[in-house]
Amino acid sequence: MSWIKGIKLLLNDFVYKAPRSLNEALKLIREEDAKVLAGGHSLIPLMKLGFASPESLIDIGKLEELQAIEETNGVLTVGSCVSYRALFESEMVKSYVPLLSKVASQVGDPQVRARGTVGGSLVHGDPASDIAGAILALDATVELVSLNGKGDIVKRKVPAREFFVGFLETVIEDDEILHSISFKNKCHKFSFQKITRREQDWAIVGVAVAQSMHGIGIGLVNLASKPVYLDIKKYEDISELDPEGVSLLLDSVIDPPADIYGDAEYRRHLAEVLLLRCLKEIKETT
Amino acid sequence: MLIAPITMNAESYIGKRIERIEDNKFITTGATYVADVKGGSELFVEFLRSPIAHGRIMSLNVDKAKASPGVEAIYCSEDITLVDINPPIPLLNAKMVRPYLARDRVRFVGEPIVLVVANSARNALKAIEEIEIEFEDLEAVVSLDDSFKGEVLLFDESESNVMFRSDFTSEDGDRFFDGCDVFAAETIVNSRVAPCPLEGRSAMASFDGEKLTVHLSTQAPHSAKSTLLKVLGLESENVHVIAPDVGGGFGAKIGTYPEEILVAYVAIALVESDGESPNTPKGLKSVRWSESRNESMISLGHGRGQRQRIEIGGTKEGRITHYRLSVMQDGGAYPMMGAFLPFFTRRMVKGCYDIQKVDFMAVSVATNTTPVVAYRGAGRPEATYAIERAVELFARKAGLDPADVRRKNFISEFPYDTGFGSVYDSGAYLTALEKVLDYVDYKSLRAEQRKMRNMKDSNKSLGIGISSYVEVTHGFPASEFGSVKLNSDGTIFATSGTFPHGQGHGTTFAQIIADELGLSLEKIEVFFGDTDIIPRGVGTFGSRSVQSGGVALSRASKGLIDKTLDLMKSEFLDSSVFFESGWFFVDDRKFSWEDIARLAGSSNLECQVDYAADSPTFPFGAHVCIVEVDVETGVVVIKRVVALDDAGRIINRLLADGQVFGGLAQGISQALYEEVIYDENGNPLTSTFADYGIPSATEFTKFERLEMETLTTVNELGAKGIGESGTIGITPCVVNAVCDALSHLGIDHIDMPLTPFKVYSAIRERSS
């Protein structure tokens with residue numbers, strides 16, 4: 001077998017634009033082959049691997065309204081460009097949804113946490129995203145914005161549990177920007193367990209569980225082609241869940257990947273162990 | 001010659017914990033690495049590297065690349081007029097010759113094929129993207145067994161893939177272990193790792209028509225110089241190698257790589273063809289290359305890479321009487337130092353144990369992977385790993401405590417001739433082990449382990465790992481240069497042929513000189529890494545620097561005193577003249593070094609010494625590691641690491657801690673995280689820090705270090721080497737600990753790295 005190859009070594013040239021308003025950003029992303037840039041911790045690696053080669057990058061990372069963390073009428077809203085660090089340093093996040101705080105504190109390493117953003121992680125739709133697992137467990141709502149025909153900003157709300165569609169695929173349209181994520185339920189009982197090779201690595205498997213007065217939510221990390229939500233609404237009391245029950249439940253939603261860090265069977269096993277540990281921790285939380 | 005040991009007192013700098021003089025520049029932006037050195041009109045070199053592991057180059061078209069913006073020149077194999085590279089050591093297969101740029105055939109992913117010179121690194125890379133190349137894929141030889149079978153040969157000129165071979169001496173074969181009550185055996189892998197210096201390779205060369213100046217990130221500037229002058233056919237005075245600050249080497253920067261030599265070659269070639277190029281002005285050009293991390297992961301040499309068959313036998317009381325080690329070494333695509341590593345493994349085959357019947361064999365084979373080179377310990381960690389795993393397996397088979405088995409078998413009389421090319425100079429192996437065991441309260445730990453195992457519903461299992469090691473430093477004693485000179489202001493300027501690349505010789509050596517001359521530390525500057533200023537030198541590797549370069553400077557300091565005394569005696573005839581604690585006494589008058597500098601005027605007070613030790617030295621120690629294994633997930637957590645590393649006299653305790661701690665981190669990392677992985681087609685799967693398990697500080701616990709100093713008589717400092725000991729002892733210690741934690745599940749061995757997946761898989765296999 002023989003083949004000819006021009007070997008790709010460099011990023012393609014692209015135009016970098018830093019709009020001053022959300023409106024301007026929404027206009028710019030309608031241009032051909034434009035991509036939204038926030039912290040750059042998902043997109044730039046894709047570009048380096050040659051999986052993405054946009055003509056222009058629209059940097060929304062400097063837009064202040066996307067950096068806000070605020071509480072209105074009992075709903076906590078986190079701007080899409082809030083960094084992991086800002087997330088776990090926020091007292092408001094800690095008091096409202098401490099699970100998110102904890103998860104953010106464990107993403108990657110300090111450099112990643114300083115630049116990577118919550119919105120960037122979500123729109124990337126990586127099945128191994130810890131943040132996605134937390135958002136699913138917390139039953140958050142994702143708010144997307146775009147421009148209508150008159151040039152006005154319109155909003156679209158999508159439940160987090162409907163946001164992820166497939167491998168690196170979400171419901172977000174090319175002309176939309178993820179504006180913010182909101183949490184309507186305070187949630188103090190939670191557990192997050194993940195297994196990594198090194199601290200800074202992606203989770204081999206992760207499980208996030210949150211319990212509010214409205215029920216229990218479970219987000220699974222790196223167990224299928226997309227972040228997975230596990231529905232256990234039919235169990236009123238989690239103490240009813242025995243290992244066998246957990247195992248059956250998991251099999252209904254997961255399709256674990258295999259790589260050098262673990263085969264599918266190992267990941268399936270970890271999911272079971274970690275989920276049981278999470279449930280135990282929640283049960284023991286007073 | 002019998003040398004009196006140095007004398008020390010409370011004021012001595014030797015033995016103190018002194019912060020590195022170098023620290024300030026290294027923790028700020030003050031250091032100057034090769035890529036920071038400015039010079040001339042700058043040209044940049046980049047390489048087209050093979051994307052496949054094994055193939056024939058059917059066609060190569062660089063026309064479009066030549067026309068790419070900013071390109072100065074392009075070189076393919078046929079444009080290089082240098083003689084191909086022979087194996088670095090005569091014992092290696094001489095038919096395995098390497099062209100500087102791949103000719104007709106590529107043998108590993110990352111092998112350079114085309115060299116492009118352009119006015120920026122980016123333009124050079126852009127041009128490379130324009131190169132058209134056609135390969136015929138050949139079957140890649142990746143596994144050691146496939147290589148040894150030799151159905152596919154890497155070199156048409158060689159009838160086998162064998163690079164190096166060392167056979168058993170005993171002819172007993174299967175009957176070797178006859179008469180043993182207890183016998184244990186296992187096949188174990190000492191995984192291939194990437195050295196990962198934080199500064200990758202970097203070279204910058206310029207040629208003025210006569211003299212070649214090369215800035216190089218190296219561990220051995222003088223041997224780089226001798227390689228360059230030999231290969232390029234230049235006179236010694238026309239080659240100037242400068243090693244500025246170097247950010248780590250770990251053995252991989254001892255030799256000079258084809259890429260680095262090509263940078264120098266291009267610098268000369270471009271001057272000789274000056275005027276032909278439209279892109280750069282005539283005159284002095286500097287040609288530079290700094291590798292990317294990705295290049296470093298696939299084309300800087302790798303380390304380790306041995307598969308070992310360990311067989312051990314003895315009495316049921318725990319006396320080990322027989323041991324046999326068979327090694328298969330992965331040499332990678334071309335024979336470099338890695339193919340020769342089994343020679344060092346053989347030298348340390350017995351470890352700390354007095355075993356009557358020992359045998360060793362090794363075969364190094366070629367595979368379509370990155371060549372293997374020396375890496376921190378280079379062959380000795382492999383020997384220690386083998387014997388320390390073997391002793392553990394023996395103890396388990398005999399139903400004895402592994403500490404007791406070690407106690408029963410230690411060598412205790414010195415010097416001790418192993419019969420395998422090593423004569424251990426001094427040691428106290430039992431004392432070292434007892435010290436660490438006492439320190440961790442070994443008995444209580446075993447009791448705690450039993451208690452934990454009886455606890456129901458616990459998913460945690462405690463493991464206690466022990467290792468005792470002896471290693472060889474300054475393995476091939478070579479003469480090292482040192483000079484000590486009195487400046488006109490009474491300060492000292494010293495030079496050494498060793499070359500620190502993170503170790504802190506500037507501080508350590510200043511301590512040695514300061515003690516001899518009775519001066520305070522800040523009066524002394526030690527200079528390294530410039531072949532025009534330092535006439536000779538060997539470099540820094542194999543934990544040799546203090547015991548070669550340090551001793552040379554100690555003697556040069558003494559020589560400077562003697563020279564000064566001679567001068568004084570000729571000045572003050574008929575007076576009693578002597579030197580003590582930094583003062584020259586002449587009858588009732590005394591002179592400081594400052595006074596001497598004034599008195600001496602223009603007379604040159606400098607002493608140069610070339611010192612060659614008579615023999616290597618053999619540092620030793622004992623490590624204990626305590627781990628907790630989560631048997632449900634396979635996760636290993638290190639709870640404690642206790643290390644006793646005895647390297648004879650320690651010059652600077654703080655820097656010795658640093659050497660040991662860094663070594664421990666690298667050794668633990670091999671045990672738990674790091675491994676270079678190839679797929680069956682020879683594609684590297686670990687060519688970034690995201691994929692390769694390079695650790696961060698987060699991965700480690702606090703290290704506890706116990707001190708012990710058993711002096712050597714090989715040199716007057718009493719010093720052995722401590723640069724590699726941490727790496728040597730801790731790797732088997734961690735694996736012993738994890739296997740100890742899982743012993744009740746019937747698990748004898750798991751190959752490194754002990755990732756959660758591998759540990760869990762072993763548990764899963766046992767329980768099904």
Side-chain angles (χ1 to χ4, degrees), chain A residues 1-13 41-42 44-46 48-50 105-106 108-113 128 193-207 222 243 256-277 280, chain B residues 46 48-52 55-61 64-65 113 121-138 292 294 459 630 632-635 669 672-675 677 679 685-686 688-691 693-699 753 755-758 760-761 764:
Chain A
M1 188 179 86
S2 56
W3 40 281
I4 297 176
K5 202 171 173 187
I7 294 165
K8 194 91 191 74
L9 295 167
L10 291 166
L11 293 182
N12 284 342
D13 289 342
H41 275 54
S42 302
I44 303 291
L46 282 186
K48 282 185 162 181
L49 291 167
S105 74
Q106 295 182 8
D109 54 29
Q111 292 93 322
V112 169
R113 293 194 286 267
Q193 305 262 349
K194 69 171 170 177
I195 302 291
T196 55
R197 182 182 49 157
R198 297 168 297 183
E199 287 291 321
Q200 74 219 51
D201 281 323
W202 294 98
I204 299 169
V205 164
V207 176
N222 211 6
D259 53 34
I260 55 174
Y261 311 117
D263 59 13
E265 194 188 337
Y266 177 55
R267 284 199 163 86
R268 200 200 154 287
H269 168 80
L270 283 183
E272 197 178 311
V273 171
L274 297 188
L275 179 52
L276 285 167
R277 287 184 186 179
K280 187 162 177 266
Chain B
E46 294 288 346
L48 168 73
R49 294 179 181 277
S50 177
I52 63 167
R56 274 180 220 292
I57 301 170
M58 304 307 285
S59 71
L60 179 57
N61 186 344
K64 269 199 222 159
I113 304 171
R122 187 173 165 82
N123 278 341
L125 291 170
K126 271 194 165 166
I128 288 171
E129 289 183 343
E130 299 294 323
I131 295 171
E132 288 166 2
I133 187 161
E134 192 180 3
F135 296 103
E136 180 194 347
D137 281 324
L138 296 173
S292 68
N294 188 254
N459 59 297
D630 183 334
E632 282 184 334
T633 62
V635 170
S669 192
L672 297 184
Y673 309 112
E674 292 183 46
E675 184 184 24
I677 301 173
D679 72 9
L685 303 180
T686 46
T688 70
F689 277 177
D691 303 309
I694 191 81
S696 70
T698 327
E699 267 65 58
T755 60
F757 179 39
K758 268 181 157 171
Y760 175 72
S761 299
R764 177 169 69 186

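Below, each value reflects all heavy atoms present in this structure, side chains not excepted, and no hydrogens, waters or symmetry copies. Here is how names work: the chains are called A, B, and so on, in the same order as the sequence lines, proteins then strands, and each is numbered from 1. For clarity, every value in this text was computed on a predicted model and none was experimentally measured.
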* **Atom group of A:Arg277 that falls short of 4.5 Å from chain B, counting heavy atoms** => side chain
* Considering the options A:Asp263, A:Leu270, A:Asp259, A:Ile260, which one meets the side-chain contact (heavy atoms from CB on, under 4.5 Å) requirement together with B:Phe757? -> A:Asp263
* So which part of B:Leu138 gets closer than 4.5 Å to some heavy atom of chain A, the side chain, the backbone, both or neither? -> neither
* Among B:Asn459, B:Asn61, B:Thr686, B:Leu48, which has the most heavy-atom pairs under 4.5 Å with chain A? -> B:Asn459
* Structure fact -> Counting heavy-atom pairs under 4.5 Å with chain A, the top scorer among B:Pro695, B:Ala65, B:Ser696, B:Ala690 is B:Ala690
* Asked: With only heavy atoms counted, which part of A:Leu9 is less than 4.5 Å from chain B, the side chain, the backbone, both or neither?
  -> both
* Give the intermediate values and the outcome of side chain to side chain contact (heavy atoms under 4.5 Å, CB included) for residues A:Glu265 and B:Arg764. => CA-CA 10 Å; A:Glu265 194 188 337; B:Arg764 177 169 69 186; 3.3 Å; yes
* What part of A:Leu276 is in contact with chain B, defined as an atom under 4.5 angstrom from a non-hydrogen atom: side chain, backbone, both or neither? -> neither
* To do: Output the option from B:Thr698, B:Thr633, B:Thr755 having the highest count of non-hydrogen pairs under 4.5 Å with chain A.
  => B:Thr633
* With distance as the sole test, does B:Glu129 use its side chain to make a donor-acceptor pair with the main-chain N or O of A:Leu10 at under 3.5 Å? -> yes
* Asked: Between B:Asp691 and A:Arg198, does at least one N-O distance fall below 4.0 Å, as a salt bridge requires?
  -> no
* To do: Please confirm whether B:Tyr760 and A:Tyr266 have ring centers closer than 6.0 angstrom.
  => yes
* About how many Å separate CD of A:Gln200 and CD of B:Glu699, when rounded to the nearest 0.5 Å? -> 6.0 Å
* Asked: Is it the side chain or the backbone of B:Lys126 that comes within 4.5 Å of chain A heavy atoms, both, or neither?
  -> both
